[in-house]
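Because only heavy atoms are used, hydrogens play no part in the values below, and waters and symmetry mates are left out as well, while side chains stay in. Throughout, protein chains are lettered first and strands after them, A, B, ... in sequence-line order, and every chain is numbered starting at 1.
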Amino acid sequence: MIDPNLIRQHLDETAAQLARRGLTLDCARLQALESERKSLQTECERLQHERNQISRKIGIAKADGEDIEPIKTKVTGISERLQKLTGKLDGVQNELTEMLLGIPNIPDTTVPDGAGEDENLEIRRWGEPQKLDFQAKDHVALGASLGMLDFELAAKLSGSRFATMSGPLARLHRALIHFMLDVHTREHGYKEWYVPYIVNADSLLGTGQLPKFSEELFALQRADNERPAYLIPTAEVPLTNLLRDEIINAEELPRCYVAHTPCFRSEAGSYGKDTRGMIRQHQFEKVEMVQFVAPEKSSDALETLTGHAETILQKLKLPYRVMSLCAGDLGFSACKTYDLEVWLPGQQAYREISSCSNFKSFQARRLQARWRNPENRKPELLHTLNGSGLAIGRTLVAIMENHQDRHGTIHIPEVLQPYVGGMSKIG
RNA sequence: GGAGAGGUGUCCGAGUGGCCGAAGGAGCACGCCUGGAAAGUGUGUGUACGUCACAAGCGUACCGAGGGUUCGAAUCCCUCCCUCUCCGCCA
């Protein structure tokens with residue numbers, strides 16, 4: 001959630017900044033609701049004050065043995081008026097918060113202009129796409145010829161957008177998880193977590209997936225009376241919510257967390273997109289990094305966090321480029337995002353493999369995740385960041401396609417070999 | 001699944017209808033003491049919102065969440081969530 005004060009005091013500038021995303025803010029409605037809220041709230045509080053005063057007098061009068069009936073009737077009148085007004089105030093406030101929750105984060109000033117994907121800005125490249133003297137196969141063909149990657153079999157079990165892997169390929173997939181966790185914990189100073197894969201609505205509200213994006217989630221059917229629960233779409237949700245409603249000390253910052261989890265996405269609205277292969281699945285594994293930092297540190301933290309994700313690609317010798325998402329392509333909660341796009345010879349294209357974002361206080365405000373600023377001893381909102389480090393399935397795809405030879409053999413990057421019992425190739 | 005106990009401020013912990021935003025302690029901040037530190041000691045120390053100059057002051061709300069009773073609720077009633085103990089079951 002953006003700072004409500006921006007709506008109250010700097011509505012026009014805020015609307016202008018949000019317009020970069022292609023969003024038109026209903027300023028008139030917001031302003032009307034805001035001024036109505038103001039007058040209703042003032043009046044309600046005045047009446048409450050009056051009621052509290054009189055009620056207090058009743059207590060005293062009663063102790064003195066006086067007749068309290070006349071005072072009581074006076075209060076009753078106030079209470080009736082108060083009830084009507086608070087009802088109205090609640091209505092206004094609900095509409096206002098609903099609108100506020102629906103407003104995306106304000107793009108950072110360093111975010112490039114643009115309406116969508118095509119206008120994202122390339123920041124840098126690493127590695128050269130290999131020039132092969134044979135026709136590169138994509139991972140689907142490679143996996144099928146190895147007999148270790150099967151989508152039809154998965155469809156029998158579960159439906160479309162699932163995969164089975166077997167044998168050495170399944171092992172390599174598992175190895176990637178361990179490798180990435182080891183790099184982030186040993187070399188980048190992250191703390192490893194194991195977290196629930198099922199979360200409640202509050203957690204999803206905290207990170208911004210709810211209320212707006214419920215169609216992307218798998219909701220679980222539960223017994224009567226139980227609150228809805230959801231499969232996590234990313235480890236960002238449980239990891240970031242670890243600090244929900246917490247106040248932490250300055251010396252405990254930054255907090256750098258990493259976890260591997262499966263991720264579940266319904267991929268509603270992506271029909272016909274990436275239907276071939278493992279790029280877009282209902283279930284995939286991901287190693288996720290999350291950082292909680294003091295506000296003035298978050299811009300730098302985004303650079304280092306992105307670097308941590310890049311390290312993995314470099315160690316795996318996978319060519320990639322870093323894209324700064326333009327305002328129109330930013331995710332709902334993000335203020336600035338770098339996408340890492342890995343080269344996929346099978347597609348002859350760079351494809352997203354990691355997304356690293358600074359949310360500033362947008363998530364922290366919903367979460368009430370705070371720190372105690374030593375300067376004034378007051379609790380203030382933290383800044384949160386996260387990034388994939390990396391998406392496991394897509395990394396596997398990238399390894400298969402980039403490290404294939406003319407025989408369809410996959411050559412395993414050296415850094416991974418200790419994780420697969422010294423195996424150097426598959427097939 | 002059965003039986004019981006409980007959820008109060010940064011933390012611990014008192015408080016069973018009327019100046020209770022809440023005793024006491026710890027922690028923290030500032031000061032005294034000290035060669036320095038510890039100990040000791042004094043003072044201060046919740047959050048959000050409104051009014052307003054994001055000052056002071058004043059006001060409102062908040063004692064797990066949401067309803068209700070009442071002139072008045074941390075305190076009484078209902079529903080839900082969560083934690084703990086014992087028993088049962090179980091990867």
Residue closer to the 5' end of RNA chain B, Ile60(A) versus Gln9(A) (nearest nucleotide): Ile60(A)
Atom-pair distance (CG on Asp90(A); C1' on U60(B)), nearest Å: 14 Å
P-based separation of G4(B) from G9(B) [nearest Å]: 27 Å
Separation of U10(B) C1' from Asn373(A) CG (nearest whole Å): 15 Å
His49(A) vs G59(B): side-chain N/O to OP1/OP2 distance below 4.0 Å: no
Options A29(B), G50(B), C19(B), nucleotide nearest the side-chain atoms of Thr42(A): G50(B)
Salt-bridge present (Glu152(A), Lys156(A); N to O < 4.0 Å): no
Sugar-phosphate, base or nothing in reach of Ile58(A), heavy atoms under 4.0 Å: base
Opposite nucleotide pairing with U60(B), Watson-Crick or G-U, both atom distances under 3.5 Å: A48(B)
Sugar-phosphate, base or nothing in reach of Lys378(A), heavy atoms under 4.0 Å: sugar-phosphate
Touch class at under 4.0 angstrom, heavy-atom based, for Asn52(A) against every strand present: sugar-phosphate
Rounded interatomic separation in angstrom, taking CD1 from Ile7(A) and C1' from C49(B): 17 Å
Pair Thr384(A)-Gln363(A), side-chain donor/acceptor within less than 3.5 Å: yes
Sugar-phosphate, base or nothing in reach of Lys38(A), heavy atoms under 4.0 Å: sugar-phosphate
Closest-nucleotide ordering on RNA chain B, the 5'-leading residue of Gln368(A) and Arg372(A): Arg372(A)
Asp245(A) CG to C82(B) P, straight-line distance once rounded to whole Å: 16 Å
Selection from C71(B), G59(B), A61(B) that lies nearest to any side-chain heavy atom of Gln48(A): A61(B)
Residues Glu285(A) and His260(A): side-chain donor-acceptor under 3.5 angstrom: yes
Integer angstrom distance from the P of G31(B) to that of A37(B): 12 Å
Closest to side chain of Arg51(A), choosing from A61(B), C49(B), A48(B): A61(B)
Distance between C1' atoms of U8(B) and G64(B) (Å, rounded): 10 Å
Whole-Å gap separating P (G27(B)) and CZ (Arg377(A)): 14 Å
Euclidean distance, atom CG of residue Leu82(A) to atom C1' of C71(B) [Å, nearest integer]: 13 Å
Rounded distance in Å between the C1' positions of A73(B) and G66(B): 15 Å
Parallel, tilted or perpendicular: ring planes of His188(A) versus Tyr190(A), cut at 30 and 60 degrees: perpendicular
Side chain Gln41(A) and base G50(B) donor-acceptor under 3.5 Å: no
Electrostatic pair Arg351(A)-Asp274(A), nearest N-O below 4.0 angstrom: yes
Minimum-distance nucleotide (side-chain atoms of Glu45(A) versus C49(B), U10(B), C19(B)): C49(B)
Watson-Crick or G-U counterpart of A3(B), or none if no pair lies under 3.5 Å: U85(B)
Distance, C1' atom - from U75(B) to U16(B), rounded to whole angstrom: 5 Å
Atom pair distance, as rounded to whole Å: CZ in Arg365(A) and P in A48(B): 11 Å
Sidechain N-carboxylate O distance under 4.0 Å for Arg21(A), Asp329(A): no
Sugar-phosphate, base or nothing in reach of Arg46(A), heavy atoms under 4.0 Å: nothing
Distance-only polar pair, side chains of Tyr230(A) and Asn200(A), donor-acceptor under 3.5 Å: no
Rounded distance (Å) that lies between atom C1' of C71(B) and atom CD of Glu50(A): 13 Å
Sugar-phosphate, base or nothing in reach of Arg37(A), heavy atoms under 4.0 Å: sugar-phosphate
